[in-house]
Protein chains: 2
Amino acid sequence: MNTKSVKDIWKAIEFGEWRKPTSGLAPGYTQANVVILPKKDAFDFLLFCYRNEKPCPIVDICEPGQVAPPVAGPDADIRVHVPKYRIYRHGELDKEVDDIKSYFTEDMVTFLIGCSFTFEKELLEKGVPVRHMEEGKNVPMYVTNRQCQSAGIFSGPLVVSMRPIPAHLVDKAVEITAPFRKAHGAPVHIGDPAELGIKDINKVDFGEPPNIKEGEIPVFWACGVTPQMALKNARPELVITHSPGYMFITSITDEEIARL
Amino acid sequence: MNTKSVKDIWKAIEFGEWRKPTSGLAPGYTQANVVILPKKDAFDFLLFCYRNEKPCPIVDICEPGQVAPPVAGPDADIRVHVPKYRIYRHGELDKEVDDIKSYFTEDMVTFLIGCSFTFEKELLEKGVPVRHMEEGKNVPMYVTNRQCQSAGIFSGPLVVSMRPIPAHLVDKAVEITAPFRKAHGAPVHIGDPAELGIKDINKVDFGEPPNIKEGEIPVFWACGVTPQMALKNARPELVITHSPGYMFITSITDEEIARL
């Protein structure tokens, strides 16, 4: 599968040949979180993303009814090229589906939001270890005491992911991730978890507990769960997202995304 | 006037004591272009700005009906703190007014868009000459052959401003302006005007003709006239802007804007 082009992968997904998480699929191509909303809520959500750029970096936005993300997949169809979708109504999960053809009207606006997969690969390649990847685990995530700037119906706390980094490599980790504005960019906090209101670093809110070794510093990046919590809080009539782990594979390479 | 605080200046404007262009007023504070639209057109315009970040850098956005820009003037009232406004209906200038209290409903959304005043000051301070300022003229501006990415009802060409820079200072000018993402950032083009479709550099579309001296290279930056042309093309029912030169003075310093 990995040697196929992004277009082949989209087709495989469309024809039901790939109904699994997308991690490791199409290496070198940026994966994105998917949020699809009716137009009446789209301005508020776009404003929320604009005001909270680090946790909600927008990779692409479609116009109402537009199915092909103009930057991230001009040949894609967002209704069928994600392996699994979730339909939320008034903030509650209604169902999980394989395509959204029957939900996607002329009124629906698609947002693609960057994810940290992109910079994790870069960290590894440049010699900065990424613990949860080494251990085949999910990244530890925490709800912080920092509030996002609210926008219309959307509000909520900043959620962060944490990667323990050897002290002498922290500067390098900052330097490597900073250019990835569209994938959460530089860390939001380095060191003492208490400053983010995290009382016990071993008690995660999402993901799996960390394994912090001696001489390592906890480094915190803004996390894509932030907009998900804001969506849950806002309880809009209808939201469609990808299912966790079943992301949209864009036709943007990781090299290109660093320049966006 | 220059020694007064930004709040004093807002008050002076509110009480009719300052009904003049804002150039040179409140040195060190960022000035911004003002665009106010009904909510129904706000998503399209925000999307246009997002897709065309260089010509349309958003400094702040208010929610519908909100009169105080949360980042750029939390104590300001956008209805009375701009010295002169223009009311456009269906793309045509309807009238020029001193305040917009009677036009500003709960439905109106305010956008503040960055301007190159900010980086011009920085260029001067760091030893890069800015010709039109030396000569007390308006900057030369050109409509290019590059199209903006359209968004909903908004589309149009990229408009650029030009500053002739001595060849050995061009790199420095790029370096100085690049961090000012919220004020058009790095140049969009350096050198041959023909590559932007500009046939005669002495024939400007806006502003005043340039004076390019020997050994100088024309350097082109994205220009805030770009969103104005897109607004004119879209002919929305109602748009309120500042009158040219009568900008909104924000409470953001030029040092702060470089970090936004």
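In the text below, chain A, chain B and the rest are named by the order of the sequence lines, each starting its count at 1. On a predicted model such as this, the values are computed, not experimentally measured, just so you know.
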Return yes when atom OH of Tyr29(B) has more than 12 non-hydrogen atoms of other residues, nucleotides or ligands closer than 6.0 Å, and no otherwise.
->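 No, the 6.0 Å shell around OH holds no more than 12 heavy atoms from other groups.
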
Is the NZ atom of Lys101(A) crowded by more than 12 outside heavy atoms at less than 6.0 Å?
->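 Atom NZ in Lys101(A) is not packed in, count stays at 12 or less.
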
Quick one: what part of Phe111(A) sits under 4.5 Å from any heavy atom of chain B, side chain, backbone, both or neither?
->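 Only the side chain of Phe111(A) comes within 4.5 Å of chain B.
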
Residue part contacting chain B, namely of Cys62(A), when any heavy atom lies under 4.5 Å = backbone

Using a strict 4.0 Å threshold on nitrogen-to-oxygen distance, state whether Glu53(A) and Arg181(A) make a salt bridge.
-> yes

Test of ring centre spacing under 6.0 Å for Tyr50(A) and Tyr50(B) | no

Contacting region of Lys39(B) [heavy-atom separation from chain A under 4.5 Å] |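 The side chain, not the backbone.
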
Please determine, among Asp44(B), Leu46(B), Val109(B), the option with the most heavy-atom pairs under 4.5 Å with chain A.
-> Leu46(B)

